[in-house]
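Here the structure comes first, spelled out in structure tokens, and everything after it is commentary.
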Amino acid sequence: MDHPSQVRIIEELLAFEEQRTTDMAGQDHEYHNPVSVYTDPSRFEAEVDRIWYRNPLAVGHVGEFPRAGSFKTLTVGKVPLLVVRGKDERIRAFVNVCRHRGTVLVEEPEGRANAFACPYHAWTYGQDGVLRHVPDDFGFPTVASAKGDYGLRELWCQEHAGFVYVQADGNAPERPLGDWLADVGTDLRDLGLDDFVCLDASRAPHPVNWKLPFDIFLENYHTKFTHRKTIYPVFLSNVAKFDHFGPHIRCVLPRREITELRHIDRSKWDLVEQSTILYVVWPNTMIAVLPEHAAVWHVYPDGVGHCTLHFYALLARRLHESEAEQETWKKSLKVVQKVKREDAERFLSIQRGLESGANPALTFGRYEKAISWFHQSIEEALTRDH
């Protein structure tokens, strides 16, 4: 983000703090989101088809693929994916299914391998997806003579600002990736996250609709109550600046010490140092950017009432390599983990509430407008003429 934009946002945040209000521009009324949005199985199938298969999805960070053969697996809808860095340094994505009898090729969530052998009959593929070996290939004369036609099905895959994007339907996106990401992509590039180190990677299944983690993420109205002993003492309560760029969203949550900037020359203002910036890279990724580190979640739907969250932290290489800084950043990452658990308790509770039938709709307030934007983007995708 360029410095004039940082100054503009900080000025708005300082004005909000002084006036004891927050960003509600353009949102004159509450937004009512029907409970069926989270519970209707037919709607869920439409979301998978029209959103998850047909848009670029951020599926990881380049730091998860440090060397040739580094890989991770994941599932988008009904499509199992294998993402791997090849010997040529290129990161590729494949449908994680053997071309022989359709067995899932790699079951491990991540690792490193020189090649991938199917557990059923050991058909073996290289890091580039090419079929390398078929045991007793005299039984497959056509395959043996044309192995190049039987490589893994490759999917569109591209890197941008340190993150790896894949489109699961096998097609290239309708727009260039940079255009699709718009200003959020520019912000992420300017932050230099591509050289950060990945830490604390984990995967957690949750019995909740995939949209609920985003509902929690996109407001700080709850901070004073849900995070009273963790991050509430650090942040201004229910003060934020919200922007959206197409379906992607940026939320800036100011720290209490941002008020000290009133006495400092604007040329020295730094938004990252005085706030946490939340990004939603629509439809599946949440990124919380703090000074010299970040927290990242990739969300994948497993069913109308179930999803899996892939989490990792990003740390500036300078901090990771500094013995003097280790205690500080390890303490900070512990706080991130605690906040993550507190938020999970809330969205698990909301799912139970949805299933109770108590409410026909959820109500989002004027300063919860970023949640409204997120759901409106989903509605637009579902009603768009495909």
Tell me, please, which residues at least two apart from Pro176 pass side-chain contact (heavy atoms from CB on, under 4.5 Å).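 So Pro176 forms a side-chain contact (heavy atoms from CB on, under 4.5 Å) with Asp179.
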Within residues 268-281 or reaching into it, pairs that qualify as side-chain hydrogen bond (donor to acceptor under 3.5 Å, both in side chains) - sequence neighbours excluded: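 Qualifying pairs, neighbours excluded: Asp187-Tyr279.
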Determine which pairs satisfy side-chain hydrogen bond (donor to acceptor under 3.5 Å, both in side chains) with at least one residue from residues 357-367, sequence neighbours left out, and list them in order.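 Residue pairs passing side-chain hydrogen bond (donor to acceptor under 3.5 Å, both in side chains), neighbours aside: His32-Thr363.
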Side-chain touch Glu368/Leu218, heavy atoms, less than 4.5 angstrom: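 Heavy-atom side-chain distance check fails, nothing below 4.5 Å.
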Are any non-hydrogen side-chain atoms of Glu47 and Asp40 less than 4.5 angstrom apart?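 Not touching, per the 4.5 Å side-chain cut-off.
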Is there a donor-acceptor pair closer than 3.5 Å between any side-chain N or O of [X] and the backbone N or O of [Y]?
X      : Y      : answer
Gln19  : Thr21  : no
Arg203 : Pro109 : yes
Gln6   : Leu271 : yes
Glu219 : His222 : yes
Thr226 : Thr223 : no
Arg92  : Val84  : no
Asn96  : Val106 : yes
Thr124 : Arg132 : no
Arg256 : Phe235 : yes
Ser5   : Met1   : no

Where at least one partner belongs to residues 327-354, residue pairs that pass salt bridge (Lys or Arg N to Asp or Glu O under 4.0 Å), sequence neighbours excluded: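 Salt bridge (Lys or Arg N to Asp or Glu O under 4.0 Å) check on residues 327-354 returns no pairs.
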Pairs involving residues 141-153, ordered by first then second residue, that meet salt bridge (Lys or Arg N to Asp or Glu O under 4.0 Å) (sequence neighbours left out):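 Listed by first then second residue: Asp137-Lys147.
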Counterpart residues, side-chain hydrogen bond (donor to acceptor under 3.5 Å, both in side chains), relative to Asp215 (two or more places apart):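 side-chain hydrogen bond (donor to acceptor under 3.5 Å, both in side chains) list for Asp215, sorted by chain: Tyr38, His375.
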So, using side-chain hydrogen bond (donor to acceptor under 3.5 Å, both in side chains) as the criterion, who are the partners of Glu17 when residues are at least two apart?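 In terms of side-chain hydrogen bond (donor to acceptor under 3.5 Å, both in side chains), with neighbours along the sequence ignored, Glu17 is linked to Arg262.
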Decide if atom CG of Asn114 counts as having more than 12 heavy atoms of other residues, nucleotides or ligands within a radius under 6.0 Å.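 Check fails, neighbour count at 12 or below.
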Give a yes or no on this: more than 12 heavy atoms of other residues, nucleotides or ligands lie within 6.0 Å of atom OH of Tyr53.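 Yes, because the 6.0 Å sphere around OH of Tyr53 holds more than 12 heavy atoms from other groups.
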Which pair of non-hydrogen atoms, one from [X] and one from [Y], has the smallest distance, and what is that distance?
X      : Y      : result
Ala370 : Phe242 : CB-CD2, 3.9 Å
Leu155 : Val95  : CD2-CG2, 4.0 Å
Asp49  : Arg54  : OD2-NH2, 2.8 Å

Check this for me, if you would: do Arg255 and Glu260 make a salt bridge, where the nitrogen-to-carboxylate-oxygen distance has to be below 4.0 angstrom?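 No, this pair does not count.
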Salt bridge or not for Arg189 and Asp194, using N-O below 4.0 Å?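 No salt bridge links Arg189 with Asp194.
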Using the rule given for side chain to side chain contact (heavy atoms under 4.5 Å, CB included), can you reason through Leu354 versus Leu212, listing the C-alpha separation, both sets of side-chain angles and the distance that settles it, and then say yes or no? CA-CA 11 Å; Leu354 294 174; Leu212 286 180; 4.0 Å; yes
Could you work out the complete set of other residues in the hydrophobic cluster of Trp329, with links drawn between I, L, V, M, F, W and Y side chains under 4.5 Å apart?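 Other cluster members: Val197, Leu199, Leu315, Leu319, Leu333.
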Cluster companions of Val104 among Ile, Leu, Val, Met, Phe, Trp, Tyr (side-chain spacing under 4.5 Å):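 The other cluster members (ILVMFWY side chains, heavy atoms under 4.5 Å, direct or chained): none.
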Phe116: which residues meet the ring-ring contact (aromatic ring centres under 6.0 Å, His included) condition with it, sequence neighbours left out?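 With neighbours one apart ignored, the set is Phe71.
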Take Glu355 and Gln351 through the side-chain hydrogen bond (donor to acceptor under 3.5 Å, both in side chains) test and state the conclusion after the steps. CA-CA 6 Å; Glu355 295 166 353; Gln351 182 71 37; 3.0 Å; yes
So which of Trp282, Trp52, Tyr165 actually passes side chain to side chain contact (heavy atoms under 4.5 Å, CB included) with Leu57?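 Only one option passes, and that is Trp52.
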ring-ring contact (aromatic ring centres under 6.0 Å, His included): which pairs involve residues 76-104, sequence neighbours left out?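 Found His100-His121, His100-Trp123, His100-Phe140.
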Sequence neighbours left out, what pairs pass ring-ring contact (aromatic ring centres under 6.0 Å, His included) with at least one residue falling in residues 286-305?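 Every pair satisfying ring-ring contact (aromatic ring centres under 6.0 Å, His included) with a residue in residues 286-305: Phe217-Trp297, Trp297-Phe311, His298-Tyr312, Tyr300-His310.
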For a salt bridge (Lys or Arg N to Asp or Glu O under 4.0 Å) check, start with the C-alpha distance between Arg384 and Glu174, then their side-chain angles and the critical distance, and finish with the verdict. CA-CA 14 Å; Arg384 190 179 303 130; Glu174 295 178 359; over 6 Å; no
Yes or no on side-chain hydrogen bond (donor to acceptor under 3.5 Å, both in side chains) for Thr308 and Asp302, after CA distance, side-chain angles and deciding distance? CA-CA 7 Å; Thr308 299; Asp302 304 319; 2.6 Å; yes
Option from Asp183, Asp23, Asp243 for which salt bridge (Lys or Arg N to Asp or Glu O under 4.0 Å) with Arg250 holds: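 Output: one option passes, namely Asp243.
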